[in-house]
Undergrad: 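Submitted below is the structure of interest, expressed as structure tokens.
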Amino acid sequence: IAGCAYQPGSFDSSLQRFKGQQMTIDCLDLAVERRPDLPDGSAVVGFAFGNRCDHPTWVDLVGLPVVGRTTDGRQMELTAYDPHHEITTLRLDGRAVGREALAYPTDAPLAEVCIDAGTIAHGATAHWMCLSSQEGQ
């Protein structure tokens, strides 16, 4: 069993790949990637996380501040598409991994999406990361 546990700082697991920008916030190793937009224009952000500690830690995608920047420079707050209120704050067991992808509807194409990753782990300070559009890649 110990061989299957998440190894701190590895950003790797036999259960999933940690793609995107990587960051460590307290007990949480986090990778965030901008995925291709949905046909309706919604921006999609993928999250992969591993608990580097031996005790549970928070993973909070509910209170996640997300800002979109349009191709013409406008900035707008984004809210995850969650019509059935299924996004919740959860505890991730020690040395466990998880992943999630969330869609953020918008009325204009976004050049980038910025998130405060510090809030995902209930960190004490903000850790903003910005993800460029996948268009043309």
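Keep in mind the model is a prediction, meaning the values are calculated, not measured.
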Undergrad: Centroid-to-centroid, Tyr6 to Phe18, below 6.0 Å?
TA: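 Ring centroids of Tyr6 and Phe18 are less than 6.0 Å from each other.
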Undergrad: Give a yes or no on this: more than 12 heavy atoms of other residues, nucleotides or ligands lie within 6.0 Å of atom CZ of Arg91.
TA: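 Result for CZ/Arg91: enclosed.
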Undergrad: First locate atom CD of Gln22, then atom CZ of Phe11, and finally report the distance between them rounded to the nearest 0.5 Å.
TA: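 Interatomic distance, Gln22 CD to Phe11 CZ, rounded to 0.5 Å: 5.0 Å.
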Undergrad: Quick check: does any side chain N or O of Gln16 sit under 3.5 Å from a backbone N or O of Gly98, one acting as donor and the other as acceptor?
TA: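 Flag set: sc Gln16 to bb Gly98 pair under 3.5 Å.
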Undergrad: For the residue pair Asp29 and Thr24, confirm or rule out a side-chain donor-acceptor distance under 3.5 Å.
TA: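 There is such a pair (donor and acceptor under 3.5 Å, judged by atom type) between the side chains of Asp29 and Thr24.
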Undergrad: Is the number of heavy atoms from other residues, nucleotides or ligands within 6.0 Å of CD (Glu77) greater than 12?
TA: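 For Glu77, atom CD is not crowded (no more than 12 foreign heavy atoms under 6.0 Å).
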Undergrad: Mind checking the CG-OG spacing from Leu78 to Ser42? Nearest 0.5 Å is all I need.
TA: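 Separation between the atoms: 9.5 Å.
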Undergrad: Taking Cys130's backbone N and O only, do any of them form a donor-acceptor pair with Gln21's side chain (distance below 3.5 Å, no angle check)?
TA: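 Yes; judged by distance alone, with no hydrogens or angles, the pair exists.
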Undergrad: For Ala117 and Ile25, work out which heavy atoms get closest and say how close.
TA: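 Nearest heavy atoms, Ala117 then Ile25: O-CD1, 3.3 Å.
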Undergrad: Can you spot which of Asp60, Val59, Val62 makes a side chain to side chain contact (heavy atoms under 4.5 Å, CB included) with Ile120?
TA: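 It is Val59, the one option of Asp60, Val59, Val62 that forms the side chain to side chain contact (heavy atoms under 4.5 Å, CB included) with Ile120.
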Undergrad: Would Leu28 and Thr57 satisfy side chain to side chain contact (heavy atoms under 4.5 Å, CB included), going step by step from the backbone distance to the final call?
TA: CA-CA 7 Å; Leu28 200 65; Thr57 192; 4.1 Å; yes
Undergrad: Taking ILVMFWY side chains as joined if any heavy atoms are under 4.5 angstrom apart, and letting links pass through other members, which residues group with Val67?
TA: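 Answer for Val67: Trp128.
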Undergrad: Measure across Arg17 and Ala48 and return the closest heavy-atom pair with its distance rounded to 0.1 Å.
TA: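 Scanning both residues completely, I find the closest heavy atoms to be O-CB, 3.9 Å.
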Undergrad: Would you please test Leu90 and Leu92 for side chain to side chain contact (heavy atoms under 4.5 Å, CB included) and show each step?
TA: CA-CA 6 Å; Leu90 298 173; Leu92 182 65; over 6 Å; no
Undergrad: Could you tell me whether a side-chain N or O of Gln7 sits under 3.5 Å from a main-chain N or O of Ala5, the two making a donor and an acceptor?
TA: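 Yes, the answer is positive, given that a donor and an acceptor are paired below the 3.5 Å cut-off.
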Undergrad: Are Met129 and Met23 close enough, and set up right, to give a side chain to side chain contact (heavy atoms under 4.5 Å, CB included), and what steps lead you there?
TA: CA-CA 9 Å; Met129 58 173 53; Met23 179 178 292; 3.5 Å; yes
Undergrad: Considering non-hydrogen atoms only, spot the tightest contact between Tyr81 and Ile87 and give its length.
TA: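 Heavy atoms of Tyr81 and Ile87 come nearest at O-CD1, 4.4 Å.
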Undergrad: Which value, rounded to the nearest 0.5 Å, describes the distance between Asp107 atom CG and Asp40 atom CG?
TA: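 Answer for the CG-CG pair, Asp107 versus Asp40, is 11.5 Å.
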Undergrad: Between atom CZ of Arg99 and atom NZ of Lys19, what is the distance when rounded to the nearest 0.5 Å?
TA: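 Answer rounded to 0.5 Å: 10.5 Å.
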Undergrad: Any side-chain heavy atom of Met76 within less than 4.5 Å of one from Thr70?
TA: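 Yes; the side chains approach each other to less than 4.5 Å.
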Undergrad: List the steps, then state whether side chain to side chain contact (heavy atoms under 4.5 Å, CB included) holds for Phe49 with Val97.
TA: CA-CA 6 Å; Phe49 31 85; Val97 297; over 6 Å; no
Undergrad: Look up atom OG in Ser133 and atom CZ in Arg35, then write down how far apart they are to the nearest 0.5 Å.
TA: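 Result: 15.0 Å between the selected atoms.
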Undergrad: Can any side-chain N or O of Asn51 pair as donor or acceptor with the backbone N or O of Ala96 at less than 3.5 Å?
TA: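 Judged by distance alone, no pair lies under 3.5 Å.
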Undergrad: Within the structure provided, determine whether Val44 and Leu102 are in side-chain contact (heavy-atom separation under 4.5 Å).
TA: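 Val44 does not reach Leu102 side chain to side chain.
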Undergrad: Considering all heavy atoms of both residues, which atom of Asp116 and which atom of His127 are nearest to each other, and what is their separation?
TA: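 Closest pair (atom of Asp116, atom of His127, distance): OD1-N, 2.8 Å.
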Undergrad: Side-chain contact, heavy-atom cut-off 4.5 Å: Cys27 with His55?
TA: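 Yes, side chains in contact.
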Undergrad: CD1/Ile115 to CG/Leu131 distance, rounded to the nearest 0.5 angstrom?
TA: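 Reported to 0.5 Å precision, the distance equals 6.0 Å.
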Undergrad: List the atom of Asp26, the atom of Arg52, and the distance in Å for their closest heavy-atom pair.
TA: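 Closest approach of Asp26 to Arg52, heavy atoms only: O-CD, 3.4 Å.
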